[in-house]
Number of protein chains: 4
Amino acid sequence: MTDADVKARGKREETKASNRQAIIDAARRVFAELGYGATTVRDIIRATDLASGTFYNYFKSKEEVYQALQDETALRVRPRLRAERIRARTFEAFISGSFHTFFDFVRHDEDTFATMRQKQDNFHVRIDTPEVLAGFDELRVDLEAAIQSGVMPDTDPDLLMASMVGVAFEIAGQLVQRKDLSVDDAAAFATALFLGGVQALPRRRR
Amino acid sequence: MTDADVKARGKREETKASNRQAIIDAARRVFAELGYGATTVRDIIRATDLASGTFYNYFKSKEEVYQALQDETALRVRPRLRAERIRARTFEAFISGSFHTFFDFVRHDEDTFATMRQKQDNFHVRIDTPEVLAGFDELRVDLEAAIQSGVMPDTDPDLLMASMVGVAFEIAGQLVQRKDLSVDDAAAFATALFLGGVQALPRRRR
Amino acid sequence: MTDADVKARGKREETKASNRQAIIDAARRVFAELGYGATTVRDIIRATDLASGTFYNYFKSKEEVYQALQDETALRVRPRLRAERIRARTFEAFISGSFHTFFDFVRHDEDTFATMRQKQDNFHVRIDTPEVLAGFDELRVDLEAAIQSGVMPDTDPDLLMASMVGVAFEIAGQLVQRKDLSVDDAAAFATALFLGGVQALPRRRR
Amino acid sequence: MTDADVKARGKREETKASNRQAIIDAARRVFAELGYGATTVRDIIRATDLASGTFYNYFKSKEEVYQALQDETALRVRPRLRAERIRARTFEAFISGSFHTFFDFVRHDEDTFATMRQKQDNFHVRIDTPEVLAGFDELRVDLEAAIQSGVMPDTDPDLLMASMVGVAFEIAGQLVQRKDLSVDDAAAFATALFLGGVQALPRRRR
DNA sequence: CATGAATGAGAGTTCATTCAT
DNA sequence: GATGAATGAACTCTCATTCAT
């Protein structure tokens, strides 16, 4: 029995049909290192103990693994953000909680965040999958509810959502680059910006 | 003399030594249509009257054309932004002018902007080239100068720059999607957010 | 117990040990639809309730299933042709009976015939398996016997057999294409051709 | 300069853009040896001095080379058959000339004929490309003209064409297998069959 | 400098077949 | 004997890049 046999047998017993997870994990590592565009299906397979054909038992393309990867991430982050916003009794708690939770995730799961915001060929690339976009939409809905309930002024929720998203991702980028920047400071900055800014925002014409 | 010869000659006389420009123009069209990731050097050449070998007299790769393309764009946009900020006597003029100029560009040059923010494989992708990043840096420098001169409070210029960039691009995305959103309204929203927000921002610890 | 289990069990009880037949039947359908060349073992398995590994308990390759399929067909057709020829008291009965029986089979079992004569990649393909070739040989033997018994002139039995086979398959093709062509007319045509022609055929040099 | 270089240079000067022919020739050899179904594009390339990519500069698939191959053959054979039939003043000349020409081609160009009628996996396979089918059609048209001009009886031209084709190919098969069978004897047999048979054929109902 | 056919590495994918359960 | 996931050789095809003309 060769080395490979031993490894294969161990692997099979250990992971059963959940090679799926092995592929996703390998994909996360490879995407983070090479960037989405430069990554090939073969790269992902190579980062795995599996044979090339096995990949296609689980996914049709690198797009599909990427989706699965992001879905997994979204499943971890979105509920936390959601809970934070629902728990919020004030607008300040709403904003502060959102940014804090997001920046916390970015700091502690930088590998996954790297997959969203990549530096490749000297380019910065940001990729939003449907799951991520759905997360944005969720924020917009909550903002609308907040407007309804009167805890925040009646301003354009699409633009406000877009602004929060833009600030969140751009500052997250800083968080990854600047080790001296703390999650708390980043969250404090973004929170102050929106708390102060929202008061000044143009009211909607009804 | 074949058809192709005739076409080639016409093109050659017309554009003289500026095949470089022909390639860049073709690239802009192709990137906008196919997206950066999906575009191949072949695609760019095909959108040209030139032969494949000719490409390599001017560029080493699609990355390089992309850079050139963005440089060109930056050369058109950055000076305008710069001028706006330098002319500004007040903080309001600084912010308002910046957003207005940028959104104006986005609305009127959507093809180029599409090259920065693409929908491919159902994903939204944003790409920042070095030139674009340099534009961000320029903004940061101007913010620092504004802080020095006292027209704006002493807050973290990196985070402020990041926030402005995030808001600018995210709202620009809305501008492209929502035809009912005017450049003025978009600029008014972003301006109000920052004018109001900046007052509330944490002061730097010196 | 999963859905698949239920289906599998039903099938199992129904067909008992004759998975072999299930595979052959699936193969007949798939070959008729996709053509021999384009069909894969996977395709055949998929058209079955069985698992891929099970295939190999019964057949080694698609060639082998194809053989089994043709054997089955030959077992149905050859005895009929044989009986017809043996019963024949005259040369006319010999020829007429042969063509009539064959064309009758073609008209009423077009699915199986389609497996012999396929249109794939815009090409017409005809495949003769060993069983079919054995049928040709049987005809040759009978022709030789007929020559011996004096009911037909002494001509080259190989060439005569080849001619009959060629005419039979080519007209069978017309039969499948032209719905207005009746089995009787087709048989009458072929019979007349050979009855008239054989008289004129060169006698063998002994 | 390596051996390969020398060969490549010689090749290039010698064949210019007509690698096309080199591919077709290689294809003829490979198809004859492996059979159409079993042949892969790679097999064809391997039988060539060319690189894999070069194949795709000339053909899109093995289907396309096969077509080109058959077209080439048809271009050689069809005009000869046509000329023979047009020159024919009697029905005997028409039939005799056709078979003689065809069998002559088969005997002297067995490699090409092998490509139409192959023995693979113990199967006999016959492939008719559109070009070949067009040749059949041409025969049918000429038969119709012969009927019009009264040199032959008014019978179903489709069935007669089919019969001639069937006999021609089936006897051609014998010709390749049996070295003792001469082109003349084969042609004499087929001619006699049709000359004698046609007189007996059922007349068309008008 | 322009041309465009040739190149060949390598990506994506399929599929016959094995084998632990 | 049935199962079906794993395997990996092998195939199709693309594409950046070179280089003789």
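Relative to the side chain of Arg42(B), the nucleotides dT3(F), dA6(E), dC15(F) differ in distance, and dC15(F) lies closest. Among the nucleotides dT13(E), dA2(F), dG4(F), the one closest to any side-chain atom of Ser52(C) is dG4(F).
To the nearest angstrom, P of dG1(F) lies 14 Å from CZ of Phe59(C). The CD1-C1' distance, from Ile23(C) to dA2(F), rounds to 11 Å in whole Å. One can place NZ of Lys60(D) at 10 Å from P of dT14(F), the figure rounded to the nearest angstrom. The distance from atom CD1 of Ile44(A) to atom P of dG12(E) is 8 Å, rounded to the nearest whole Å. When the C1' atom of dT3(E) is taken as reference, atom CG of Asp49(B) falls 13 Å away, rounded to whole Å.
By the salt bridge (Lys or Arg N to Asp or Glu O under 4.0 Å) test, Arg29(D) is found to be paired with no residue, residues two or more places apart in sequence or in another chain being considered. In this structure Glu33(C) satisfies the side-chain contact (heavy atoms from CB on, under 4.5 Å) test with no other residue, sequence neighbours excluded.
Within the nucleic acid shown, Thr40(C) comes within 4.0 Å of sugar-phosphate atoms alone, with no base atom in reach, counting heavy atoms only. Across all strands, Arg46(C) comes closer than 4.0 Å to no nucleic acid atom at all (heavy-atom distances).
Judged purely by distance below 3.5 Å, without hydrogens or angles, the side chains of Asp25(C) and Gln21(C) pair a donor atom with an acceptor atom.
Of all the heavy atoms in Leu50(A) and Ile45(A), the pair that sits closest is O-CG2, 3.7 Å.
An OP1 or OP2 oxygen of dA2(E) is reached within less than 4.0 angstrom by a side-chain nitrogen or oxygen of Asn57(B). Between Tyr58(C) and dA2(F), a side-chain N or O to OP1/OP2 separation shorter than 4.0 Å is present. In terms of phosphate contacts, Asn19(D) brings no side-chain nitrogen or oxygen within less than 4.0 Å of OP1 or OP2 of dA5(E).
Comparing Asp43(B) and Gly53(A) by the nucleotide of DNA chain F whose heavy atom lies nearest to each, the residue mapping closer to the 5' end is Gly53(A). Residue-to-nucleotide proximity on DNA chain E shows that, of Phe55(A) and Ala51(B), the 5′-proximal contact is made by Ala51(B). Closest-nucleotide positions on DNA chain E for Ile45(C) and Tyr56(A) were compared, and the one nearer the 5' end corresponds to Tyr56(A).
Asp71(C) places no side-chain N or O within donor-acceptor distance of the main-chain N or O of Ala68(C), the cut-off being under 3.5 Å. Between the side chain of Lys62(D) and the backbone N or O of Ala27(D), no donor-acceptor pair lies under 3.5 Å.
DNA chain F contains the following stems of three or more consecutive Watson-Crick or G-U pairs, with both distances under 3.5 Å: E:2-21 with F:2-21.
Taking the P atom of each, dT21(F) and dC1(E) are spaced 22 Å apart, rounded to whole Å.
Ile24(C) contributes atom CD1, which lies 5.0 Å from atom CD of Glu72(C) (distance to the nearest 0.5 angstrom).
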